Amino acid sequence: MSHNVHGHPQMDVQVERKFVPKVKDLGPDVNWAQINKDVLRSLEKPRPVFWIIFFSALALFSFGVYCEVYQYQNGMGVADLNNPQVWGLYIATFIFWIGMGHSGTLLSALLHIIHADWRKPIYRYSEAMTTFTLLTAALFVMVHMGRLWEFYYVVAYPNERWTWPNFTSPLVWDATAIGTYLTSSLLFLYMGMIPDLAICRDNAKGARRALYKFLSLGWQGTDRQWGNFKVAYMTMACFLMPLAVSVHSIVSTDFAVSQNPGWHVTSFPPYFVLGALYSGCSGIITLFIVLRYVFRFEAYMTQPILNKLIKMTFAIAMVWTYLDLIEYATTWYGSDEVAKADLLYRATGDYALQFWGMIFCAMVMPFTLLIRYVRHNYTVLLIISLILNVGMWLERFQIITPTFAKSHYPWTWTAGWWPSWVQWGIVAGSFGWFTMLFMLYCKIFPSVSMYEVKEMVHEQNLEGKAMAHANPESEQAPVGLLEGGQA
Amino acid sequence: MVGGSVGYRQGFHHVDEAAGGYYGRNFRMSHAKKIFLWFLMFWMGSSLVLAEPFVQGGPIGSQTSDGYDALGPVVEQPIEFPHNRHAGDMKINCMYCHTYARRSNVSGIPRLDKCMGCHNLIEGVKDRPRIKKLFEYWENKQPIPWKKVHDLPDFVRFNHERHIQRFYFQEKRPIRETCGYCHGDVASMTTARRVKALSMGWCISCHQKDHLEKVGSSVTSHGPNDCWLCHK
Amino acid sequence: MSLSNLIQNWDSFRKRRPYEDQYKDAPYKWAMVIDLDSCIGCNACTVACYAENNLAVVGKERFGKGQAMHWIRIERYWGEGEALETEFPERGAQYLPMLCQQCEAAPCEPVCPVGATHHSPDGLNTQVYNRCVGSRYCSANCPYKVRYFNWWNYPERAWPNPLELQLNPDVTVRSKGVMEKCTFCMQRLRAGQDKAKTAGRLLADGEVLTACAQACPTSAITFGNLADKNSKVARMWKNQQVDLAKNAQDKSEEGVRGYRILEDLNTYPSIVYLERLRNFAA
Amino acid sequence: MSKKAVTLALYADPDEAGNALRELRDCSVPGFKMDDVIIKSPIDHPELTELLNHRPVYIQLFTLLGVLLGPTTGLVLIASAQASFIYQTRGGRPIVPFPPDMVLTYELFILSGVLMTVISTFVAMKLPGNRSPLYNASVSEDKIGILVKAEAQNIPHIDEILRRHNPTEIKGDHSR
Amino acid sequence: MSTGNMDRRDFLRVLGISGAAATLAGCGHTSIESGVEEVMSYVQPQDFVVPGIGVFYSSTCTQCGSGCGIMGKVREGRVLKLEGNPESGISGGKICGLGQAGVQAHYNPDRLHTPMMNIEGGLVPISWERANQLLDEHFGTKSSLQGEQIAFLTGGVSGHQRVVLENFLESFGSTQHVCYDAISTATGRAASKTVLGAEQPLWNFSKARLILSFGSDFLGNGVSPVYMAREFAKFRKAPRGTLIQIEPRMTLTGGNADRWYPIKPGTEGILALGIAHDLLQHPEFSGKVPQEVLDLVKNYDRDAVSEVTGIGADAVRLIAAQLWNNTPSLVVAGPAVEGHAYGFSNAAAVQLLNVILGNRGNSLEGQSEHPFPQMTPTLGSYRALAELHKKMVSGNCQALLIHGTNPVFTSPTHLEFSEAMKKVPFKVALVTHIDETAGQCDLVLPLLSAMEDFGTHIAEYQPSGVELMLQQPLMEKLYPETKGFGDILLDVLKKRKPQEYAVFPDYYSYLKAAVLKAKPVFHSDEPDEHFWETALMNGVVKWEGKPTDLEAKMVPLEVPEPHGLTTDYPFYFVPSIRPDMRDGRHAYLPWLQESPETMTTVVWDSWVEIHPKTAAQMQIKEGDVLLLQSATGSIQAKAYIFPGIQPDTVSMPLGQGHTQMGRYASGVGANPYKILDPIFDAHTGELALHATRVAIRKTGENQKVVKDEGPTNLQNGQKLVATLSADQAKLAREI
């Protein structure tokens with residue numbers, strides 16, 4: 001059991017870099033002290049615009065809370081749900097939020113396992129995003145429940161009534177999977193943040209210092225701590241990757257194990273996982289641009305990293321598109337007439353606008369990412385990343401509503417069912433809640449991993465040194481470095 | 001303890017113990033103790049859930065999880081009926097008054113003329129205040145507004161008939177045991193008080209026991225456990 | 001104890017239902033036959049169900065939102081295809097009393113997170129109101145859409161005094177947030193079974209009827225015990241060549257008109273419908 | 001043999017720190033062992049850690065324990081809960097059906113793995129509350145600290161070795 | 001009052017036992033604390049009363065006039081549910097939805113619980129002393145009212161209520177028992193009487209092989225729907241009979257037809273004569289048919305008939321052939337046939353088919369003789385109301401008592417009944433809830449509900465012999481201030497004729513004495529008490545009778561064409577009768593409001609049914625609010641696209657549009673009575689319900705039609721209601 005599993009054999013690097021002067025993810029000679037300074041600056045007292053946005057989000061959230069209280073007191077009827085349309089926006093948005101979380105894990109765990117170092121400056125906030133989207137999604141499970149006050153019936157614990165939850169229910173799998181995922185990603189986020197919390201501790205005063213002191217658990221960066229830390233972090237990453245895949249597969253079983261047309265599809269698990277990664281990646285792009293702008297993280301969130309992120313998003317979008325299309329194809333060429341009718345209904349019925357909206361936003365829009373201008377214009381990119389997510393939300397709406405509207409039983413079909421303001425209010429409130437949490441997070445915790453950026457710089461320096469040693473000319477050619485960014 | 005069993009880094013301990021507090025505080029709790037504390041907190045938290053403060057049936061203490069030994073509150077009744085006189089001293093069979101128990105879901109309160117049937121003839125106690133009250137109700141032809149002591153939630157059906165038929169008539173158990181299993185030793189009380197939990201787990205704990213299938217047979221089975229047996 | 005239970009009864013825990021003769025030794029398996037040729041669509045069953053089972057009247061607005069609470073509903077179809085073939089419905093309307101099919105392999109059962117719905121020993125698909133947390137998954141998964149959710153707190157306003165005096169004390173009044181469904185008038189069955197058990201016998205055929213079957217003026221609904229091979233229902237099932245544990249029936253005889261609705265979804269319903277007849281010569 | 005005194009040298013350059021370590025390794029201070037050296041650094045420096053004696057990491061053993069025990073006990077618990085559940089949901093499925101139980105077991109496998117990893121890591125890292133007398137905030141910024149424990153009389157010797165490699169600072173706690 | 005009755009009352013007392021009163025707590029958080037709920041027991045109950053176990057009491061359903069025997073399930077003093085009484089030959093243990101809702105009429109939150117008096121245009125509660133004082137003033141011994149000055153307006157009444165009522169009138173020397181039914185069958189009865197010799201013959205479904213129904217909804221709202229439905233179910237068993245229904249708007253019965261034909265409203269008689277024309281071609285008839293009939297039928301050949309009725313010539317031939325091949329058959333006519341200016345002729349022409357086909361004595365027989373003619377049900381008619389109206393307007397009517405009918409709501413606008421009511425100085429309503437008519441009365445007396453009162457009933461349609469149906473209280477009265485109908489009248493009678501009535505302390509004792517007096521008629525030699533107890537227990541006393549012979553004759557009657565459509569009023573207007581709402585008297589029962597109307601599945605509303613073709617032509621979509629304009633007036637309702645209607649016809653259900661009938665009825669839908677044109681049957685003078693012509697205008701508004709049906713009413717290829725050809729089924733082999 002080696003303690004330096006992450007180590008780079010330097011000789012390989014030498015050979016590889018000899019003839020291919022590669023665009024570096026970070027600029028040369030980024031000062032370590034500067035990293036601390038830059039990142040810690042983001043924790044300083046916020047500007048007024050922060051509070052404006054924060055309180056808007058709070059207001060939105062409060063409205064959501066109001067809607068939920070209203071619903072709690074009067075019954076689910078205020079949401080205009082009805083007999084076939086039993087789930088509505090709650091479950092649709094629940095899947096949306098769960099999905100959003102997956103890319104944080106992708107960036108932090110999968111890319112960590114495969115030593116894709118460009119993840120380092122951006123994984124921290126994406127992982128935070130994962131945690132908060134999961135918290136938001138968990139809210140929807142509660143909001144959706146008809147008898148919220150009896151939620152503890154779903155929890156498996158020996159009790160006075162001698163009852164257990166029903167382990168065959170996908171909802172119980174969901175609860176377990178989400179619980180596991182939330183626990184694990186929270187621990188993963190926290191674990192990865194401990195060295196940074198120590199930095200914060202060393203630089204903070206007063207109450208904040210007490211907080212960081214408590215949270216950093218006395219981290220000192222000793223060799224043993226680092227050694228164990230690296231192993232543990234890698235081990236957790238190895239757990240998190242299959243976990244993330246399983247979570248959204250399990251969410252997909254909520255639908256795939258049921259009899260309903262449009263849901264009873266074998267390709268649902270991968271389709272859901274890819275959809276989750278897709279919406280998560282575009283969410284990360286959105287936050288990338290926002291954080292980069294707000295905290296002036298140009299030195300760390302560089303164009304080369306963004307380029308990689310966009311490429312990954314595009315690739316995922318394409319796989320997702322493929323899976324979506326084969327889902328339609330299998331339905332279309334299959335013999336399930338009801339499912340076929342349901343598919344037709346999606347494309348031509350009451351929710352055709354949403355369907356084609358989804359096709360446009362989530363299948364067509366990704367192609368704009370191929371345009372260099374789009375990749376380099378942050379405003380446009382921000383808008384596109386938001387559009388992609390709108391598309392993904394519409395996709396979730398598409399899964400739920402038309403299936404209920406036109407299921408097996410013709411008598412209970414619904415025409416033009418539409419959610420009430422309460423549902424919209426709660427959905428809007430969830431965005432407020434997420435924004436609030438994320439903004440608070442950004443002001444309390446470093447949203448860029450300082451120690452890992454340092455590692456990155458360190459390794460770049462090592463590589464540079466090695467290259468300079470082997471091939472002195474290449475030193476002068478950092479082509480495209482920091483384009484559109486730092487300078 | 002976990003810390004102890006892991007103890008593979010003795011070398012460091014000394015430094016750390018020698019360290020005092022870098023932050024100026026002397027934090028001397030041992031590692032093992034801390035982990036123990038965490039476990040303690042976890043255990044307390046989970047036992048809190050187990051204690052079910054949320055469950056219907058009132059606060060903890062009004063019923064015990066095993067269903068025994070918590071004498072319920074005294075209930076003000078319109079007439080303080082002395083069960084101890086009737087069932088205790090005079091050894092009247094419970095079903096003499098609670099006559100519906102063997103043929104209906106509810107055991108029922110005895111009809112007023114049942115009381116009168118005897119008390120009309122018992123001259124000696126007619127001047128007692130409780131009996132006077134009884135006569136008052138009778139003369140006004142008013143039913144007595146008794147308060148319910150053994151109350152079940154409205155979504156629960158309990159069938160007295162089946163239990164009485166089974167345990168009293170088939171298995172020939174003494175009546176005080178049969179009724180007292182749920183109602184406690186009413187013969188020692190004046191007005192009845194709840195003794196047993198009457199909670200779901202308490203019901204099930206009995207239905208899970210092995211009972212003889214038929215009287216005299218050696219085949220046993222547990223009581224029925226269909227949800228709809230009790231839930232309506 | 002649970003572990004020993006697991007080991008002792010492993011075989012029965014691994015048994016997948018329905019299987020042939022699963023009710024052979026069982027005292028009861030409730031089932032129904034509904035003769036669509038007899039059903040005249042008069043709604044007597046519907047109202048009887050409201051009366052027996054404390055169903056809430058939801059009012060116009062909520063009915064319009066699709067929040068009606070009828071456990072049995074009379075569906076009226078004009079045709080079997082996707083369009084009415086003739087200008088007028090020349091062969092009359094097609095009435096279908098639709099209630100919970102009490103499926104043997106009910107899609108609603110495995111998906112309930114808390115097990116509020118499960119399969120009773122006498123073959124009913126139960127719903128325990130107080131266990132329900134209101135995830136509505138069962139309704140989402142029910143192909144017949146015969147589960148009804150309490151979107152509102154009906155006890156508050158559906159029975160203004162003294163209407164509440166009519167409520168059946170044997171049936172819970174459901175409050176907001178729980179799912180409810182046809183129970184085959186479980187309270188009647190329970191009372192009857194208890195009586196029979198005290199008398200040391202089984203329920204006789206026709207001794208207990210559901211409210212709908214009892215009211216039905218044309219006796220289109222036959223209710224009974226399928227486990228009793230001599231009951232009317234069992235004989236009708238056999239006569240119509242419908243087997244509880246099959247998802248595709250072998251119909252060897254001509255003119256047999258029993259079928260189960262959406263049988264191909266492998267739900268194994270406990271209600272057999274008899275095809276409607278029409279004299280096409282007229 | 002108790003080692004009461006400690007000294008800490010801070011280096012800006014990892015190479016210099018490496019040289020210092022090498023020299024420490026080769027030095028012949030009586031009673032001094034490489035085990036007494038602790039590196040404190042803002043990032044992991046495997047190339048420096050290599051210079052210390054091999055310090056094994058046992059976390060994955062515990063992870064293994066977790067992934068073995070967690071799912072097995074979980075599966076048994078789930079199956080026995082299903083078996084002794086008062087109401088046994090069927091819906092056409094066996095009472096103890098494998099596919100759903102496998103899903104849950106899988107989640108428990110990961111959960112117990114993660115939890116065991118985290119717990120064992122904290123134990124191994126002696127967190128929380130592992131505080132050392134000689135800590136300098138700059139090791140969380142950009143300096144590499146080499147902390148050496150030694151008997152008080154040997155400290156000057158070690159300091160001298162450390163000082164040879166251009167440390168930015170050396171501080172020690174020689175009082176005890 | 002006997003002691004037995006005393007016990008009974010005690011038993012009927014509502015008790016708060018085992019959560020009965022607290023059932024509403026529901027499955028949420030209910031109290032299980034000790035000492036919160038009360039549990040009571042009876043003082044002196046009968047031995048069979050066991051708490052927690054329901055006891056069934058027999059009674060009679062009064063929701064419609066069919067006289068079904070019912071049983072009320074009583075527990076802890078509350079009646080919980082009604083079932084059919086198997087002892088009753090009419091209900092045979094079955095019950096319809098309307099009957100089930102009887103408990104809601106009883107527990108209705110809008111029940112009237114005190115006497116009310118009109119003071120300055122509004123009803124205010126008063127005490128019974130005041131009410132009695134008012135009654136005494138007008139109807140007491142000092143009353144100056146006499147003869148025709150006093151009138152009693154009722155719906156259908158039968159049994160001893162009718163006897164008491166008529167004795168009450170008689171004590172004033174009045175015979176003015178006016179019986180009004182908004183859905184009168186008087187025309188049909190008259191036609192039947194003329195042709196078949198009986199107003200309501202017995203229909204032997206069991207003997208018929210084919211039923212040809214001209215707009216008769218005998219399964220939904222005929223003379224005895226539950227009995228007819230039971231018989232119809234037998235008719236549908238092997239050998240399966242065929243039902244052919246011809247009507248402009250598909251009724252519940254039409255929905256069950258093997259073949260349904262839409263016909264232009266009012267031309268049914270012409271079609272019947274056309275069928276007769278076809279039938280009489282058969283050589284068997286030569287020389288057996290009166291020449292007048294042959295002459296009459298001669299002009300109605302297939303093509304001519306087809307042109308007028310809109311039914312194809314082939315269809316006419318086919319129907320005739322079916323009738324010929326399936327004997328005995330049964331031809332019945334319903335309101336759709338009768339409600340025209342020549343409704344009588346229409347109906348008579350239809351009945352003529354029965355005579356031609358020789359159904360008399362086979363599928364048609366006369367009802368048995370009646371031992372109690374004074375107790376037979378009074379059958380309402382519009383003409384009776386019109387005549388009363390004349391008297392009211394002329395000022396001859398000084399006091400009017402109203403019970404069981406609601407003319408202000410159901411009379412057409414042109415009658416101006418509420419204006420006429422203002423001319424009557426003293427109007428008393430005896431009701432259980434305030435409706436539009438009671439709202440205009442001077443004194444409103446709260447009646448016991450049907451679940452609280454004693455009574456006897458005799459149904460109009462007696463399938464075999466005569467059944468005297470007993471009605472008895474199923475629970476103690478909910479409101480102490482309410483009083484029985486019989487008791488109120490008896491109180492007045494006791495004052496007016498003390499020598500005859502003073503012996504009866506209450507209506508119960510009167511009833512008991514009266515029934516016991518009739519004991520010899522039932523050939524019973526049981527002791528009185530036993531006879532009475534048995535009668536109450538069974539809920540019915542049967543008088544064996546035999547079906548009588550019918551004196552049918554072939555009466556030739558000219559059937560003119562109905563007046564056609566004009567450009568101003570281009571649609572026939574057919575008010576449809578809902579089986580549960582009837583003329584609107586049940587609109588205050590929430591179960592019925594929420595019960596989807598079978599053909600359309602619409603709830604809580606009125607609607608206009610339009611054929612899809614017509615709707616497409618006029619670009620009308622479902623939910624478009626339409627203005628229905630007749631020569632008399634206009635109403636608005638939402639459009640409902642309905643394939644089961646003749647394309648030139650629009651239809652609207654009766655019974656909704658109440659303004660004053662409690663929370664469940666008020667403000668729901670619109671009242672089609674108010675646009676009916678003043679067209680009357682030429683022979684009987686009855687209002688022609690189906691003769692109005694209307695124009696439709698879109699108001700531009702569109703509202704959601706609240707219905708159970710979804711966006712489709714087709715099965716979309718799923719096997720939901722499969723249909724099999726009748727000749728393929730092996731019904732005889734079935735169980």
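This one's a predicted model, so the numbers in the text were calculated from it and none came from an experiment. Below, chain A is the first sequence line, B the second, and so on; all start at residue 1. Just so you know, these numbers use all the heavy atoms, side chains as well, and skip hydrogens, waters and symmetry mates.
In this structure, the portion of Y664(E) lying under 4.5 Å from any heavy atom of chain C is its side chain and not its backbone. Interface remark: E253(C) contributes side-chain atoms only to the contact with chain E (heavy atom separation under 4.5 Å). Of the two parts of H611(E), only the side chain, counted from C-beta on, holds a non-hydrogen atom closer than 4.5 Å to a non-hydrogen atom of chain C. Contacts between E709(E) and chain C at a heavy-atom distance below 4.5 Å involve the side chain alone, from C-beta outward. With a threshold of 4.5 angstrom between heavy atoms, I95(E) approaches chain C through its backbone and through its side chain. In this structure, the portions of R733(E) lying under 4.5 Å from any heavy atom of chain C include both its backbone and its side chain. There is no contact between L210(E) and chain C, counting heavy-atom distances below 4.5 Å. Only the side chain of K613(E) comes within contact range of chain C, with heavy atoms under 4.5 Å apart. Looking at M228(E), neither its backbone nor its side chain comes within 4.5 Å of chain C, counting heavy atoms on both sides. Contacts of F642(E) with chain C are made by side-chain atoms alone, with heavy-atom separations under 4.5 Å and no backbone atom involved. Of the atoms belonging to A729(E), heavy atoms from both backbone and side chain fall under 4.5 Å from chain C. L318(E) touches chain C through its side chain: at least one heavy atom from C-beta onward sits under 4.5 Å away, while N, CA, C and O do not. Using a 4.5 Å cut-off between heavy atoms, N108(E) touches chain C through its backbone atoms (N, CA, C, O) alone. If you measure heavy-atom distances from K234(E) to chain C, you find no contacts under 4.5 Å at all.
Taking chain C as the reference chain and counting heavy-atom pairs below 4.5 Å, the highest number among R240(E), E231(E), Q104(E), Q718(E) is found for R240(E). Counting heavy-atom pairs under 4.5 Å between each of L731(E), L98(E), L720(E), V103(E) and chain C puts L720(E) at the top. Interface remark: of the candidates G644(E), P647(E), P262(E), P262(E) forms the most heavy-atom pairs closer than 4.5 Å to chain C. Comparing C216(C), G81(C), G41(C), A44(C) by how many heavy-atom pairs each has under 4.5 Å with chain E, the most go to G81(C). Comparing G97(E), A722(E), A233(E) by heavy-atom pairs within less than 4.5 Å of chain C, the highest count is held by A722(E). For the set D708(E), D580(E), N326(E), the entry with the most heavy-atom pairs within less than 4.5 Å of chain C is D708(E). Of all the listed residues (Q245(E), K73(E), M599(E), E597(E)), the one sharing the greatest number of non-hydrogen pairs under 4.5 Å with chain C is M599(E).
With salt bridges taken as basic N to acidic carboxylate O contacts below 4.0 Å, none links R236(E) and D35(C). Classification of D258(E) and R91(C) as a salt-bridged pair fails, no side-chain N sitting under 4.0 Å from a carboxylate O. Between D37(C) and K237(E) there is no salt bridge, since none of the side-chain N atoms of the basic residue sits less than 4.0 Å from a carboxylate O of the acidic one. Using a cut-off of 4.0 Å between Lys/Arg side-chain N and Asp/Glu carboxylate O, R257(C) and E734(E) are scored as salt-bridged. Under the 4.0 Å criterion applied to side-chain N and carboxylate O atoms, E83(E) and R188(C) are assigned as salt-bridge partners. At a threshold of 4.0 Å, the pair E254(C)-K730(E) does not count as salt-bridged, since none of the basic side-chain nitrogens sits closer than that to a carboxylate oxygen. Taking the charged nitrogens against the carboxylate oxygens, K719(E) and E275(C) do have a contact shorter than 4.0 Å, which makes a salt bridge.
For E85(C), the CD atom counts as loosely surrounded, since its 6.0 Å shell holds 12 or fewer non-hydrogen atoms of other residues, nucleotides or ligands. Open room surrounds NZ on K238(C); 12 or fewer heavy atoms of other groups in view lie less than 6.0 Å from it.
Side-chain atoms of T598(E) and C42(C), non-hydrogen and from C-beta on, never get closer than 4.5 Å to each other. Here the side chains of N279(C) and R259(E) are not in contact, with every heavy-atom distance at 4.5 Å or above. Y50(C) is listed as a side-chain neighbour of E594(E), based on a closest heavy-atom distance under 4.5 Å. The closest side-chain heavy-atom distance from P590(E) to L163(C) is below 4.5 Å. Between E87(C) and P643(E) there is no side-chain heavy-atom pair separated by less than 4.5 Å. Looking at R78(E) and Q166(C), their side chains never come closer than 4.5 Å, going by heavy atoms from C-beta outward. L277(C) places none of its side-chain heavy atoms less than 4.5 Å from the side chain of Q728(E). For the pair M250(E) and P89(C), the minimum side-chain heavy-atom distance is below 4.5 Å.
Across all their heavy atoms, N256(E) and C39(C) have their closest contact at OD1-O, 3.3 Å.
Of the possible donor and acceptor atoms, one in the side chain of K704(E) sits under 3.5 Å from a partner among the backbone N and O of G64(C). R230(E) contributes no side-chain N or O that, together with a main-chain N or O of T218(C), makes up a donor-acceptor pair within less than 3.5 Å. A donor-acceptor pair under 3.5 Å is formed between the side chain of R278(C) and the backbone N or O of A257(E). In this structure, the side chain of N43(C) engages the main chain of P596(E) through a donor-acceptor pair within 3.5 Å.
Residues E80(C) and T723(E) have side chains that bring a donor and an acceptor to within less than 3.5 angstrom of each other. No side-chain donor from either of E82(C) and Q715(E) sits under 3.5 Å from a side-chain acceptor of the other.
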